[in-house]
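A short write-up of the structure that comes next.
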Amino acid sequence: MNFPDLHSWNLDYAAAVALQRRLARQVELTNRLPERVRRVAGVDVSYRKRGDIFYAAVVVLDFPELRPVEVASWQARVDFPYIPGLLSFRELPVLLNAFRRLRHRPDLVLVDGQGIAHPRRCGLACHLGLWLDLPTVGCAKSRLTGEGPEPGFAKGDRSPLRQGGEEIGAIVRSRDGVRPLYVSPGHRIDIPTAVDWTLACCGRYRMPEPTRLAHLETNRLRREDEARRSGS
DNA sequence: GCGACAG
DNA sequence: ATCTTGTCGC
């Protein structure tokens with residue numbers, strides 16, 4: 001897998017928005033998953049509120065066992081600020097570098113953030129899917145845009161997430177009674193299938209196993225690095 | 001101008 | 001995302 005150098009986007013707000021509009025046209029919303037999905041990956045990024053060092057991790061699990069089979073990570077300084085709608089410009093570079101260290105190519109990637117449930121239909125999951133040329137799903141813990149009714153109480157209950165006339169994702173109950181997830185396609189997958197895979201990857205926790213484990217790994221890395229720094 | 005706003 | 005203590009519920 002080869003990746004261009006992304007250390008500096010060198011983009012202002014208008015240019016980033018323009019780029020997203022172009023990228024959104026390349027997003028595919030039809031299923032292009034292999035007949036048999038054997039490996040599902042989850043990605044996440046962690047950092048301090050007041051700190052520019054980002055820790056990214058990608059965890060690959062086998063399916064349907066959902067056992068971790070490989071972990072890759074990367075850390076780097078990030079200067080791009082958090083701007084609602086431009087999250088991918090902040091987290092994508094360090095994430096791609098973590099992916100670059102991966103030996104096994106996953107069949108599907110679950111992302112902590114939105115897919116097409118984004119003002120310009122180009123959330124982090126879409127941007128990552130396009131870069132990696134892989135099917136991706138956005139599994140966000142909260143809403144960025146769109147509206148929809150509260151889904152039922154039971155695990156698996158869902159309701160459509162819409163913006164204007166279009167359906168951009170689903171509000172999904174991943175466990176009984178928990179706050180729902182905002183699921184939307186990232187790339188090469190449709191909405192119902194994105195929901196199916198999200199639920200298929202959920203164990204006894206609110207977050208799907210791939211992103212949940214990536215989150216744990218990312219926090220472990222940060223604690224480790226911070227301890228290493230204060231001790232030297 | 002005002003409110004909303006993934007992580 | 002992170003900060004941060006105790007507290008409510010299974």
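Convention: sequence-line order gives letters A, B, ...; per-chain numbering from 1.
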Rounded to whole angstrom units, what separation is found between the [atom1] atom of [X] and the [atom2] atom of [N]?
X: Leu124(A); N: dC5(B); atom1: CG; atom2: C1'; result: 16 Å
X: Leu95(A); N: dG7(B); atom1: CG; atom2: P; result: 14 Å
X: Tyr82(A); N: dA4(B); atom1: OH; atom2: C1'; result: 10 Å
X: Leu87(A); N: dA1(C); atom1: CG; atom2: C1'; result: 9 Å
X: Gln114(A); N: dC5(B); atom1: CD; atom2: P; result: 11 Å
X: Arg120(A); N: dA6(B); atom1: CZ; atom2: P; result: 13 Å
X: Glu91(A); N: dT2(C); atom1: CD; atom2: P; result: 10 Å
X: Glu147(A); N: dG3(B); atom1: CD; atom2: C1'; result: 15 Å

inquiry  = Under 3.5 Å, is there a donor on one side chain and an acceptor on the other for Thr193(A) and Asp196(A)?
reply    =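 Side chains of Thr193(A) and Asp196(A): no pair found under 3.5 Å.
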query = Does one side chain, of Ser46(A) or Asn219(A), offer a donor that lies under 3.5 Å from an acceptor on the other?
reply = yes
message = Taking side chain to side chain donor-acceptor pair (under 3.5 Å) as the definition, give me every residue that meets it alongside Arg212(A), ordered by chain and number, with sequence neighbours left out.
response =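 In terms of side chain to side chain donor-acceptor pair (under 3.5 Å), with neighbours along the sequence ignored, Arg212(A) is linked to Glu209(A).
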[X] side chain near [Y] side chain, heavy-atom distance below 4.5 Å:
X: Val109(A); Y: Thr136(A); value: yes
X: Pro106(A); Y: Leu134(A); value: yes
X: Pro185(A); Y: Val137(A); value: no

inquiry  = Using a 3.5 Å distance criterion without hydrogens, assess whether the side chain of Arg158(A) forms a donor-acceptor pair with backbone atoms of Pro151(A).
reply    = no
Closest listed nucleotide, where the reference is the side chain of [X] and the choices are [options]:
X: Pro84(A); options: dC5(B), dG7(B), dT2(C); value: dC5(B)
X: Arg90(A); options: dT2(C), dA6(B), dG7(B); value: dG7(B)
X: Arg143(A); options: dA4(B), dA6(B), dA1(C); value: dA4(B)

So [X], base contact, sugar-phosphate only, or nothing? Heavy-atom distance under 4.0 Å.
X: Thr145(A); result: nothing
X: Gly138(A); result: nothing
X: Leu86(A); result: base
X: Asp176(A); result: nothing
X: His127(A); result: nothing

Side-chain ion pair, [X] and [Y], N-O less than 4.0 Å:
X: Arg121(A); Y: Glu166(A); answer: yes
X: Arg223(A); Y: Glu226(A); answer: no
X: Lys141(A); Y: Asp112(A); answer: yes

Side-chain N or O of [X] less than 4.0 angstrom from OP1 or OP2 on [N]?
X: Ser88(A); N: dA6(B); answer: no
X: Asn219(A); N: dT2(C); answer: yes
X: Ser46(A); N: dT2(C); answer: yes
X: Lys141(A); N: dA1(C); answer: yes

query = How does DNA chain C look in dot-bracket form if you count Watson-Crick and G-U pairs under 3.5 Å, write [ ] for pairs that cross, and put | where a base pairs with another strand?
reply = ..........
inquiry  = Applying the 5.5 Å / 30° rule, does Tyr47(A) stack onto the base of dA1(C)?
reply    = no
ask   = If you group Ile, Leu, Val, Met, Phe, Trp and Tyr whenever their side-chain heavy atoms sit less than 4.5 Å apart, what else falls in with Leu221(A)?
value =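 Ile53(A), Tyr55(A), which link up through side-chain heavy atoms under 4.5 Å apart, make up the rest of the cluster.
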task = Assign a letter to each nucleotide of nucleotides 4-10 of chain C from its 5' end: B, base within under 4.0 Å of a protein heavy atom; S, sugar-phosphate only; -, no contact.
result = -------
inquiry  = Run through DNA chain B and report every stem of 3 or more consecutive Watson-Crick or G-U pairs, distances under 3.5 Å, ordered by first number.
reply    =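 Expected stems, ordered by start: none at all.
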request  = Only counting residues at least two apart or in another chain, list the ones meeting ring-ring contact (aromatic ring centres under 6.0 Å, His included) with Phe89(A).
outcome  =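 ring-ring contact (aromatic ring centres under 6.0 Å, His included) list for Phe89(A), sorted by chain: Trp9(A), Phe80(A), His127(A).
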Nearest-0.5 Å distance, CG of residue Leu95(A) to CG of residue Leu124(A) = 6.5 Å
